[in-house]
Structure formats: structure tokens, C-alpha cells
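Position 1 is the first residue of the sequence; numbering continues from there. All heavy atoms count here, side chains included; hydrogens, waters and symmetry mates do not.
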Amino acid sequence: AGVYVDAVSAFTMSGGEIINNTNVDNGGGVYLNYDSCKLIMTGGTISGNTATSKGGAVFMHDSSADSHATFQIGGSAYLPYGNEINSNDVYILDTHALIIVTAELTKTKPVATITPAQSSLTDVYTSAGTRKLINVEASNATFTADTFALTNDSYYIDTDGILKAK
């Protein structure tokens, strides 16, 4: 990974680039391990990154409700998709990892493309569509269905940040 964030740590990115990294496993650009680690991105670009397994741009690990990765995003943060899974996508593992919008996102939409874990896709049907992927914490942030894209066109993220089947 270009950046590896481990146990109870945070990486803050307010500008610059993380570009053209490759990982033979997960997280080409940024790997967020579990144990409450965070990526705080208020600006800059993560692009051209790939992973052989999951999460070309960002891999978000998940262990439990108390021990999971968080991606806080706002401002001019931008993660352009590489047009195929594991090519600059944000992979969200299992049921607790969460993307939090902390400020208005100013770049062209979608600002990032998300690949939810298969267990999250299954939850859409078994849990009556309650898997929350996105949480908007900023009162001035506008979140619409096109703010983030998904790699699987059979699903969408509603305006409450919940993964839904089309």
C-alpha cells in the first residue's frame, strides 16, 4: 500500500496525491487496518492505485462494532474510479466500517466509487436494507445518490447512506 494505517492510528490528507501504487493483496493506495484506525481526507487525490484482491484506492478493514476502520471525507477530496473492481475503488469490508462525510464535497461527482463486501450485499436482503455505508455529519454537506458510485450496478446508496437493491 502507498499508506498503511494500523491500530488506533489516523492518517490525515489535506492535499497532494497518492498515485499509482499496487498491492498484491488489499489496499493499493491506503490500507486501513481494524482497531479504530481512520483516514481523514479533506483534500488531495488518490488515483491510479490497484490491488490484486480488494480496494485499489482504499481498503477498509472491519472487525467489530468497536474495532473498525473509518474514512472521514470532505472538501476537495477526490478518488476517481479506475473503471474496474480493484482499480482505485474504496472497498468496505463487512458490516461496521463506515464512510463519514465531514464537510461539503466540492469535486466532480462521484467523488469515489465503493465496493461493498459481499456480506453487505447479502444484508440488503436479509436485514431489510439496513446496511449504512455513509454517514453525513456536516450540517452544510449535501449528500445525493450520485455523491458516491458503486461498482455493482444492481445496488445504490440512498440519501440516508443506506445500501439498497435497485
Side-chain angles (χ1 to χ4, degrees), residues 1-13 18 21 23 25-42 44 46-47 49-75 77-82 85-103 105 110-138 141 143 145 147-152 154-165:
V3 176
Y4 182 87
V5 184
D6 203 4
V8 196
S9 299
F11 174 72
T12 300
M13 183 173 178
I18 298 173
N21 295 286
N23 193 332
D25 195 15
N26 300 316
V30 178
Y31 185 101
L32 297 175
N33 205 0
Y34 55 92
D35 290 338
S36 304
C37 62
K38 295 178 186 177
L39 170 59
I40 302 165
M41 189 174 178
T42 59
I46 299 175
S47 67
N49 300 286
T50 58
T52 303
S53 187
K54 298 175 178 97
V58 177
F59 178 84
M60 299 176 65
H61 201 283
D62 182 4
S63 179
S64 69
D66 297 324
S67 181
H68 60 84
T70 304
F71 180 6
Q72 297 177 1
I73 187 170
Y78 189 52
L79 298 88
Y81 185 48
I85 291 177
N86 303 329
S87 180
N88 220 65
D89 61 323
V90 177
Y91 184 87
I92 301 177
L93 183 65
D94 296 326
T95 58
H96 303 289
L98 185 65
I99 296 173
I100 300 171
V101 179
T102 58
L105 291 159
V111 297
T113 300
I114 299 167
T115 302
Q118 184 59 43
S119 59
S120 293
L121 299 178
T122 303
D123 285 348
V124 169
Y125 298 105
T126 60
S127 302
T130 59
R131 174 55 170 114
K132 192 167 185 88
L133 296 178
I134 312 291
N135 191 33
V136 179
E137 290 188 350
F143 177 77
T147 301
F148 295 92
L150 291 170
T151 55
N152 188 325
S154 297
Y155 300 87
Y156 70 99
I157 301 169
D158 73 7
T159 56
D160 291 323
I162 297 173
L163 183 65
K164 301 277 188 177

Among I92, L163, L79, N152, which residue meets the side-chain contact (heavy atoms from CB on, under 4.5 Å) test with I114? I92

Working to the nearest 0.5 angstrom, can you tell me the gap between I157 CD1 and L133 CG? 5.0 Å

Residues at least two apart in sequence or cross-chain that pass side-chain contact (heavy atoms from CB on, under 4.5 Å) with T70, listed by chain then number, are K38, H68, Q72, I100

Contacts of T147 that satisfy side-chain contact (heavy atoms from CB on, under 4.5 Å) - sequence neighbours left out: L105, K109, V111, F143, T144

Is there a side chain to side chain contact (heavy atoms under 4.5 Å, CB included) between V3 and M13? Walk through the geometry before answering. CA-CA 11 Å; V3 176; M13 183 173 178; over 6 Å; no

Supply the atom-to-atom distance F71 CZ to I99 CD1, rounded to the nearest 0.5 angstrom. 6.5 Å

Sequence neighbours left out, what passes ring pair (Phe, Tyr, Trp, His ring centres under 6.0 Å) with F148? Give chain and number order. none

N88 side chain vs N49 backbone, donor-acceptor pair below 3.5 Å: yes

Are any of the side-chain heavy atoms of M41 and V58 separated by less than 4.5 Å? no

Do the side chains of N26 and H61 get nearer than 4.5 Å, heavy atoms only? no

Could you work out, with side-chain contact (heavy atoms from CB on, under 4.5 Å) as the rule, every residue matching T50, not counting sequence neighbours? T22, S87

Taking every heavy atom of A51 against every heavy atom of G27, the minimum-distance pair comes out as CB-N, 3.7 Å

Quick one, I18 with F11, criterion side chain to side chain contact (heavy atoms under 4.5 Å, CB included). Give me CA distance, side-chain angles, the key distance, then yes/no. CA-CA 12 Å; I18 298 173; F11 174 72; 4.0 Å; yes

With sequence neighbours left out, the residues meeting side chain to side chain donor-acceptor pair (under 3.5 Å) with Y156 are none

For A1, side-chain contact (heavy atoms from CB on, under 4.5 Å) partners two or more places apart: N23, Y31

Verdict with reasoning, Y81 to T151, per side chain to side chain contact (heavy atoms under 4.5 Å, CB included): CA-CA 9 Å; Y81 185 48; T151 55; 3.3 Å; yes

